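Remember, predicted model here, so these are calculated numbers, not experimental data. Each residue takes its place number in the sequence, starting with 1.
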Amino acid sequence: MKLTVASLLLQPYMNGTRLLAGKKGLSHPVECVSFAEVPSAPHNLLKNTLLLTDVSFFDLRDSDALARTFAFYQTAKVSALGLKLPDGAEPPEDFLRRAEQAALPVLALPADVILSSVISGVSYEIFYRNGYNLYNSYEDNFIQEMILTEQDRQMLVKRARMMGIKVDEYLGVLLIAPQDVSIIPKIHKICKDAWDTNCFICSRNGMVMVIARMQQPFESTRGRLHMRAEELFAHLKRGLPGKSFHIGVGHCYEDVSHVRKSYYEARTALIAGKMARSSRGLFFYDEMGIYRILFDLKNREQLYEIQEETVHRLKKYDAENGTAFTETIRAYFAAFCSVQKTAKALYVHYNTIRYRMERIKALFGWDLMDLSDCVYLYVGFHVDKYLEESQA
């Protein structure tokens, strides 16, 4: 749950803080905290910043200065303004009026508050609500945040530079899913030994995430990532004899804000590869063909609609009426749409399958002898399996 101005005011280190204006902006998210020596200075702020200052605003009586200041605050998407004012001092009425109009919360901090304590408290709360584990390294937390939450690009780029990620680096995600999670520490060691500083590694939900770092020209990075993934797969096979695992590989991207996309590509490749029951164990997103379009993250809402319109309808009818239509269609597709082979697989008579197909057509309008209906249902069954796997 994201930190907002309203929830910030409930924190102990904000005791005694008064809301002077901007009540409508209490729902603004707070993703960063910064200190300003001069309130009207053109700071290079990140989006959704709580801006603190310990100076008076009495020098902002000029209407043009106020207009420029608020234009800056709105452009920078400042979450709220925290003022440490002398006892008995109040900002100009015109300032508060403009803040009210802009829905910019203005917070009057107690005169005896220590701003460094407020900054530390807010920073900790931001970290905590973004899912940071304070027992993990900064690197682990940053990687997980970069992958799993929507972030402001400017903020990501700055923090990526702190991690040593260069402007011309290309990043691609590999996701390793072992059958036995107890081997995760060994996977970490093998990956680190193989790639050293050319990667970042962290674990989450029983999987190991490896972010490959490359500096080749873009046209060669995809091929290079394939080679490195093959090499890593071989290293893991040798280092973990008899152990089962799968690897999904996403695309390479130069923009650090697109690493999240590479993660979901790797995850999709992993799930789709496992669905296909491939014995290879190494799956590349760019080799998925039509499934790249079907399982694109942007299409998630449409996937749920297809699942609801097909498999969920069948399962609900089966549960309420004691039929076996879902099982029949699944077996029919597995038998390459052969009625005879479907009957054999389900240990029923040929005519039983024909009867079920006629009932399905009468009840749902799907003709299993029609190619377009078969394609629609076939996609629906794959979508259902993919969504179940992705939620596991």
Side-chain angles (χ1 to χ4, degrees), residues 175 177-180 206 244-248 264-392:
L175 211 53
Q179 190 174 41
D180 177 7
S244 177
F245 59 88
H246 298 88
I247 301 179
Y264 281 103
E265 290 171 350
R267 191 163 177 260
T268 297
L270 186 63
I271 293 170
K274 290 167 69 176
M275 282 171 49
R277 302 185 185 279
S278 172
S279 59
R280 187 160 181 258
L282 178 61
F283 314 116
F284 296 95
Y285 181 77
D286 56 10
E287 293 179 354
M288 285 177 54
I290 194 172
Y291 291 111
R292 284 188 295 172
I293 301 172
L294 183 61
F295 297 148
D296 192 297
L297 187 64
K298 297 190 296 293
N299 299 330
R300 182 56 62 100
E301 185 176 341
Q302 286 75 18
L303 294 185
Y304 281 116
E305 289 178 3
I306 292 173
Q307 182 190 44
E308 189 64 36
E309 292 168 1
T310 56
V311 180
H312 279 189
R313 281 183 69 194
L314 286 164
K315 287 181 177 179
K316 182 180 179 182
Y317 188 89
D318 284 344
E320 293 174 351
N321 297 277
T323 51
F325 295 150
T326 307
E327 178 189 30
T328 300
I329 295 176
R330 186 177 284 117
Y332 182 68
F333 289 145
F336 298 99
C337 300
S338 166
V339 176
Q340 187 172 357
K341 290 181 180 178
T342 303
K344 186 176 180 180
L346 296 179
Y347 301 100
V348 297
H349 194 273
Y350 175 91
N351 287 336
T352 301
I353 301 301
R354 295 289 303 178
Y355 172 75
R356 290 179 184 175
M357 291 171 66
E358 290 171 5
R359 290 294 297 151
I360 289 169
K361 183 177 180 179
L363 290 166
F364 302 100
W366 301 323
D367 184 355
L368 292 178
M369 302 301 291
D370 181 85
L371 180 60
S372 61
D373 284 352
C374 283
V375 169
Y376 175 61
L377 287 171
Y378 184 78
V379 169
F381 273 82
H382 272 67
V383 166
D384 180 66
K385 192 172 182 181
Y386 170 75
L387 292 176
E388 285 186 355
E389 290 276 356
S390 65
Q391 292 167 2

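Formation of a donor-acceptor pair under 3.5 Å by the Tyr332 side chain with backbone atoms of Leu368 is found in this model. Between the side chain of Asp373 and the backbone N or O of Trp366 there is no donor-acceptor pair closer than 3.5 Å.
Note that the CZ atom of Phe336 and the OG1 atom of Thr342 stand 11.0 Å from one another [nearest 0.5 Å]. Taking CG of Leu387 as the reference point, atom CD of Glu308 lies at 11.0 Å (rounded to 0.5 Å). To the nearest 0.5 Å, atoms OG1 (Thr326) and CD1 (Ile329) are separated by 6.5 Å. In this structure, the separation between NE2 on His382 and CG on Leu303 is 13.0 Å, given to the nearest 0.5 Å. The CD atom of Gln307 sits 11.5 Å away from atom CD of Glu305, with the distance rounded to the nearest 0.5 Å. Considering OH of Tyr285 and CG of Leu270, their distance stands at 14.0 Å, rounded to 0.5 Å.
Considering only heavy atoms from C-beta on, Glu265 stays 4.5 Å or farther from Met288 through its side chain. Counting heavy atoms from C-beta outward, Asp384 and His312 have side chains that approach closer than 4.5 Å. For the pair Arg330/Leu314, no side-chain contact is recorded, criterion being any heavy-atom separation below 4.5 Å from C-beta on. In this structure the side chain of Tyr350 reaches within 4.5 angstrom of the side chain of Val339, judged on heavy atoms.
Here the shortest heavy-atom pairing between Ala269 and Gly248 reads CB-CA, 4.3 Å. Scanning all heavy atoms of the two residues, the minimum distance from Pro178 to Gly206 falls at CD-O, 3.4 Å. In terms of heavy atoms, His246 sits closest to Ser244 at CE1-OG, 4.5 Å. Listed here is the closest heavy atom pair of Arg359 and Phe325: CB-CZ, 3.8 Å.
Within a 6.0 Å radius of CZ in Phe333, other residues, nucleotides and ligands contribute more than 12 heavy atoms. Residue Tyr376 qualifies as enclosed at atom OH: its count of foreign heavy atoms under 6.0 Å is above 12. Annotation for Lys315: atom NZ counts as buried by contact number, over 12 foreign heavy atoms lying within 6.0 Å.
Side-chain polar atoms of Thr323 and Asn321 form no donor-acceptor pair below 3.5 angstrom.
Remark: Asp180 pairs with Lys243 by the salt bridge (Lys or Arg N to Asp or Glu O under 4.0 Å) rule, at least two apart or across chains.
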Just do the side-chain contact (heavy atoms from CB on, under 4.5 Å) check on Met369 and Met357 with the steps written out, would you?
CA-CA 9 Å; Met369 302 301 291; Met357 291 171 66; 3.6 Å; yes
